[in-house]
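Sequential numbering from 1 along the given sequence is applied to the chain's residues.
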Amino acid sequence: QVQLVESGGGLVQPGSSLRLSCDVYGFTRDDYAIAWFRPAPGKEREGVSCFSTVDGGTYYPDTVKGRFTTNRDNAKNTFYLQMNHLKPAETAVYYCAAATGYYYCTGYEFRDVSMDYWGKGTLVTVSS
């Protein structure tokens, strides 16, 4: 049974950094991707990063490119989202999600409806 467990959220000041973790359980082979999403006002959740276990490829939208980085600890099967230079508008619950079926992180159809499994989320508050 696939399970995603996020951690690492908290309160940080604008301009600060924070690292989120997603512990992934239940996959038997590297044919999936792990993405991070956050709610977007008036629309579906916004994907902010993607890591494919198929080829190690990553994807970031322009809104976070250069500030957010995702990677994986293979030994723990934990995926991280390093967020730098955080802004107050990025206050949100961040969700870890998994897309199956040999998912490559190219940005094409990178939407919440493409994900198959979700964690419960971890709250990030950016405030002075």
Side-chain angles (χ1 to χ4, degrees):
Q1 182 177 355
V2 173
Q3 188 178 9
L4 310 176
V5 181
E6 304 98 331
S7 61
L11 171 64
V12 295
Q13 292 191 338
S16 297
S17 299
L18 195 65
R19 189 180 76 164
L20 306 182
S21 300
C22 177
D23 295 317
V24 177
Y25 306 94
F27 286 105
T28 58
R29 59 185 180 185
D30 285 347
D31 62 353
Y32 60 97
I34 294 296
W36 289 89
F37 282 80
R38 65 189 181 192
K43 50 185 179 180
E44 65 188 39
R45 282 175 283 196
E46 173 192 22
V48 297
S49 74
C50 183
F51 183 103
S52 174
T53 65
V54 180
D55 64 352
T58 57
Y59 170 80
Y60 309 93
D62 289 341
T63 50
V64 305
K65 192 176 295 181
R67 296 188 298 120
F68 288 14
T69 304
T70 187
N71 61 354
R72 178 191 192 186
D73 182 328
N74 289 329
K76 299 178 181 179
N77 209 33
T78 296
F79 295 76
Y80 301 100
L81 178 65
Q82 177 69 41
M83 304 184 293
N84 299 326
H85 304 295
L86 282 163
K87 307 172 184 178
E90 295 179 311
T91 293
V93 176
Y94 283 73
Y95 297 90
C96 176
T100 61
Y102 287 94
Y103 191 95
Y104 291 86
C105 297
T106 63
Y108 178 73
E109 288 295 330
F110 182 46
R111 303 170 57 196
D112 59 356
V113 295
S114 300
M115 302 295 121
D116 299 298
Y117 299 95
W118 291 87
K120 294 183 178 181
T122 185
L123 176 62
V124 173
T125 303
V126 185
S127 176
S128 55

Chemist: Please set out all donor-acceptor pairs under 3.5 angstrom arising from side-chain atoms of residues 26-38, sequence neighbours excluded.
Modeler:
{"residue": "Arg29", "atom": "NE", "partner": "Asp31", "partner atom": "OD2", "Å": "3.2"}
{"residue": "Asp30", "atom": "OD1", "partner": "Arg72", "partner atom": "NH2", "Å": "3.0"}
{"residue": "Asp30", "atom": "OD2", "partner": "Arg72", "partner atom": "NH1", "Å": "3.3"}
{"residue": "Tyr32", "atom": "OH", "partner": "Asn77", "partner atom": "OD1", "Å": "3.3"}
{"residue": "Tyr32", "atom": "OH", "partner": "Asn77", "partner atom": "ND2", "Å": "3.2"}
{"residue": "Arg38", "atom": "NE", "partner": "Glu46", "partner atom": "OE1", "Å": "2.9"}
{"residue": "Arg38", "atom": "NH1", "partner": "Glu90", "partner atom": "OE2", "Å": "3.2"}
{"residue": "Arg38", "atom": "NH1", "partner": "Tyr94", "partner atom": "OH", "Å": "3.0"}
{"residue": "Arg38", "atom": "NH2", "partner": "Glu46", "partner atom": "OE1", "Å": "3.3"}

Chemist: Calculate, to the nearest 0.5 Å, the distance between atoms CG and OG1 belonging to Leu123 and Thr91 respectively.
Modeler: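 It comes to 7.5 Å.
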
Chemist: Do Leu20 and Thr122 make a side-chain contact, defined as non-hydrogen atoms from C-beta onward lying under 4.5 Å apart?
Modeler: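 In contact.
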
Chemist: Determine whether Tyr117 and Thr100 satisfy the following criterion, side-chain contact (heavy atoms from CB on, under 4.5 Å), listing intermediate values before the conclusion.
Modeler: CA-CA 9 Å; Tyr117 299 95; Thr100 61; 3.8 Å; yes

Chemist: Taking all non-hydrogen atoms of both residues, which atom of Pro14 and which atom of Ser128 are closest, and how far apart?
Modeler: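 Heavy-atom minimum between the residues: CD-N, 3.6 Å.
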
Chemist: Ignoring hydrogens, what is the shortest heavy-atom contact between Leu81 and Ser49? Give both atom names and the distance.
Modeler: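 Shortest heavy-atom separation between Leu81 and Ser49 comes out as CD1-OG, 3.5 Å.
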
Chemist: Run the numbers on Thr106 and Tyr59 for side-chain contact (heavy atoms from CB on, under 4.5 Å), then give the verdict.
Modeler: CA-CA 6 Å; Thr106 63; Tyr59 170 80; over 6 Å; no

Chemist: To the nearest 0.5 Å, tell me how far Tyr102 OH sits from Thr53 OG1.
Modeler: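 Rounded to the nearest 0.5 Å, the OH-OG1 separation comes to 9.0 Å.
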
Chemist: Find out whether Tyr25 and Val2 are in side-chain contact, i.e. whether some heavy atom of one side chain is under 4.5 Å from a heavy atom of the other.
Modeler: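 A side-chain contact is absent here, since even the closest heavy-atom pair is not under 4.5 Å.
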
Chemist: Just by distance, no angles: are the side chains of Thr78 and Asp73 close enough, under 3.5 Å, to form a donor-acceptor pair?
Modeler: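 The answer is no; no qualifying pair exists.
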
Chemist: So which heavy atom on Met115 is nearest to which on Ala97, and how close?
Modeler: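 Of all heavy-atom pairs spanning Met115 and Ala97, the closest is CG-CB, 3.6 Å.
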
Chemist: Measure the shortest side-chain to side-chain distance between Tyr103 and Ser52 over non-hydrogen atoms and say whether it is less than 4.5 angstrom.
Modeler: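 Tyr103 does not reach Ser52 side chain to side chain.
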
Chemist: On a heavy-atom basis, which atom in Ser114 and which in Glu109 lie closest, and how many Å separate them?
Modeler: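 Looks like OG-O, 2.8 Å.
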
Chemist: For the residue pair Trp118 and Arg45, establish whether any side-chain heavy-atom pair is separated by less than 4.5 Å.
Modeler: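 Trp118 reaches Arg45 side chain to side chain.
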
Chemist: Quick one: closest heavy-atom pair of Leu4 and Cys96, and the distance?
Modeler: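 Heavy-atom minimum between the residues: CD1-O, 3.6 Å.
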
Chemist: Taking side chain to side chain donor-acceptor pair (under 3.5 Å) as the test, write out the residues that go with Ser17, two or more places apart.
Modeler: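 Checked Ser17 against side chain to side chain donor-acceptor pair (under 3.5 Å); matches are Asn84.
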
Chemist: Any chance you could measure Tyr108, atom OH, to Cys105, atom SG, to the nearest 0.5 Å?
Modeler: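 One finds 15.0 Å between OH of Tyr108 and SG of Cys105.
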
Chemist: In the structure I gave you, are the side-chain heavy atoms of Met83 and Val124 within less than 4.5 Å of one another anywhere?
Modeler: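 Yes, at least one pair of side-chain atoms sits under 4.5 Å.
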
Chemist: Between Thr69 and Tyr60, is there a side-chain heavy-atom distance shorter than 4.5 Å?
Modeler: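 Yes, close enough: below the 4.5 Å cut-off.
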
Chemist: Could you report the tightest heavy-atom contact between Tyr95 and Lys120, atom names first, then the distance?
Modeler: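 What the structure gives for the nearest pair is CE2-O, 3.4 Å.
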
Chemist: Tell me if the centroids of the rings in Phe79 and Phe51 come within less than 6.0 Å of each other.
Modeler: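 Here the rings of Phe51 and Phe79 have centres that are less than 6.0 Å from each other.
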
Chemist: Indicate, with yes or no, if Phe110 and Phe68 share a hydrophobic cluster defined by side-chain heavy-atom contacts under 4.5 Å among Ile, Leu, Val, Met, Phe, Trp and Tyr.
Modeler: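 No: no chain of side-chain contacts under 4.5 Å links Phe68 to Phe110.
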
Chemist: Output the distance between atom CD (Gln1) and atom CD (Gln3), rounded to the nearest 0.5 Å.
Modeler: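 Going from CD on Gln1 over to CD on Gln3, the span is 7.0 Å.
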
Chemist: Mind checking the OG1-CZ spacing from Thr70 to Arg19? Nearest 0.5 Å is all I need.
Modeler: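 Rounded to the nearest 0.5 Å, the OG1-CZ separation comes to 11.0 Å.
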
